[in-house]
2 protein chains.
Amino acid sequence: MPKNCNFVDKLREIGLRPTKQRVKLCELLFLREKTFHFTINDLVKKISDEMNEKISLATVYNTVHAFQKKGYLKEIAINSDKTYYDTNTSIHHHFYDEETHELIDCNQNDIDSINLKKNIPGKKIKSVEVLIKVASDNQNQN
Amino acid sequence: MPKNCNFVDKLREIGLRPTKQRVKLCELLFLREKTFHFTINDLVKKISDEMNEKISLATVYNTVHAFQKKGYLKEIAINSDKTYYDTNTSIHHHFYDEETHELIDCNQNDIDSINLKKNIPGKKIKSVEVLIKVASDNQNQN
DNA sequence: CAACAGTTTAGAATAATTATAATGTATAAT
DNA sequence: ATTATACATTATAATTATTCTAAACTGTTG
Ligand SMILES: [Mn+2]
Ligand SMILES: [Mn+2]
Ligand SMILES: [Zn+2]
Ligand SMILES: [Zn+2]
């Protein structure tokens, strides 16, 4: 979702009614310099803290799912406790800080291209993504 | 956990009492040629289907967690719906079949070594793992 | 054989997510 | 503009995976 765009028009364009909840969420999610990685809870918290809004939990779920379906959010699997979402919907890699539980993008060009020597017969590769877990030196790996 | 080992002795050795539930689970998990990737539910199902046993769900969770803590099982993050476990506890890569939801190991030597050009200041790299999503050609990527 | 700590278990509790169904709103049709 | 309709929001209930609890049970030690 382009940062410099009219969310009302953009939403209509992609077939979603521009409700005030959706526009608010667009502003929160897409009006950013950098990629935003978040959980539903992060989002609900930001809505009440940063903006002074109240959007019901169900709507936050609905909207995130709608944006994901339209290709403007991507689900990132880090662990099974919570679902992480990413405003960077391209195939890319991540650093995951085991201490702060923070995700940081690592783009294709931050890694030498990955060359697979193995493949699965009859199957096509849909994505190749790297997860780099990091922590302070004095940290036992999970 | 070595395939050719006395699980009773082995369990005692690592500080876990060799209960019949734990020994049964060892047989189910570690008496295998190949790496085993599973969810708790897979395991519960196999216990009642393949073996004719009944181990309570709480015990399955307890035991899997105990084995994980001792370093004989590893948690694999694929999606946030279910937790996957792996009898291959080394740092390694995976193919994930989006259709069958099956995990297949891809060892270090199936991939050219990964060279990171980016790093996080003050943080140490704990692991670098690749997830390769695959599907039949006629499949829309998730 | 005690005695004790560790273990299993059914069931309750929790937490994330999804479903439901009533109310509200954007938009299309009149 | 008014009305009709499909789409959205919402509170709340339901579901699902997982963890907790506390009582009964079992392996180990002396
Ligand atoms: Mn977990
Ligand atoms: Mn999911
Ligand atoms: Zn990202
Ligand atoms: Zn594996």
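Residue numbers start from 1 in every chain, and the chains themselves are labelled A, B, ... in the order their sequence lines are given, proteins ahead of strands.
Using a 4.5 Å heavy-atom threshold, the side chains of V64(B) and L25(B) count as separate. Using a 4.5 Å heavy-atom threshold, the side chains of Y85(B) and L29(B) count as separate.
Y61(B) has a side-chain polar atom (N or O) that falls below the 4.0 Å cut-off from OP1 or OP2 of dT18(D). Considering only side-chain N and O atoms, Q21(B) lies under 4.0 angstrom from the phosphate OP1 or OP2 of dT9(C). An OP1 or OP2 oxygen of dT18(D) is reached within less than 4.0 angstrom by no side-chain nitrogen or oxygen of H65(B). For T83(A) and dT17(C), the shortest distance from a side-chain N or O to OP1 or OP2 is below 4.0 Å.
A salt bridge is absent between K45(A) and D42(A); no separation between the charged side-chain nitrogens and carboxylate oxygens falls under 4.0 Å. Comment: K74(A) engages E129(A) in a salt bridge, judged by a side-chain N to carboxylate O separation of less than 4.0 angstrom.
Residue K82(B) contributes atom NZ, which lies 10 Å from atom P of dT16(D) at whole-angstrom precision. The interatomic distance linking R22(A) (CZ) with dA26(C) (C1') rounds to 10 Å, in whole Å. As rounded to whole Å, 13 Å separates atom C1' of dC7(D) from atom CG of L11(A). What separates NZ of K24(A) from P of dT9(D) is a distance of 15 Å, to the nearest Å. In this structure, CD of E75(A) is placed 11 Å from C1' of dT17(C), rounded to the nearest angstrom. When the P atom of dT7(C) is taken as reference, atom CG of L25(B) falls 14 Å away, rounded to whole Å. In this structure, CG of N62(B) is placed 17 Å from P of dG11(C), rounded to the nearest angstrom. For K69(B) and dT7(C), the NZ to C1' distance is 14 Å, given to the nearest whole Å.
Between the CG atom of L11(A) and the CG atom of N6(A) there is a distance of 9.0 Å, given to the nearest 0.5 Å.
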- Task: Evaluate side-chain hydrogen bond (donor to acceptor under 3.5 Å, both in side chains) for N107(B) paired with H93(B), printing each intermediate quantity in order.
- Result: CA-CA 6 Å; N107(B) 287 79; H93(B) 315 304; over 6 Å; no
- Query: How far apart are the C-alpha atoms of Q21(B) and S56(B), what are their side-chain angles, what is the distance that settles it, and do they pass the side chain to side chain contact (heavy atoms under 4.5 Å, CB included) test?
  - Reply: CA-CA 9 Å; Q21(B) 292 89 342; S56(B) 87; over 6 Å; no
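Relative orientation of the Y96(A) and Y84(A) rings is perpendicular, given thresholds of 30° and 60° on the angle between their planes. Between F67(A) and F30(A), the ring planes lie tilted relative to each other; the angle falls in the 30° to 60° range.
Near DNA chain C, meaning a heavy atom under 4.0 Å from it, residues 47-60 of chain B has K54(B), I55(B), S56(B), A58(B), T59(B) in order of number.
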- Task: Assign a letter to each nucleotide of nucleotides 25-30 of chain D from its 5' end: B, base within under 4.0 Å of a protein heavy atom; S, sugar-phosphate only; -, no contact.
- Result: -BBS--
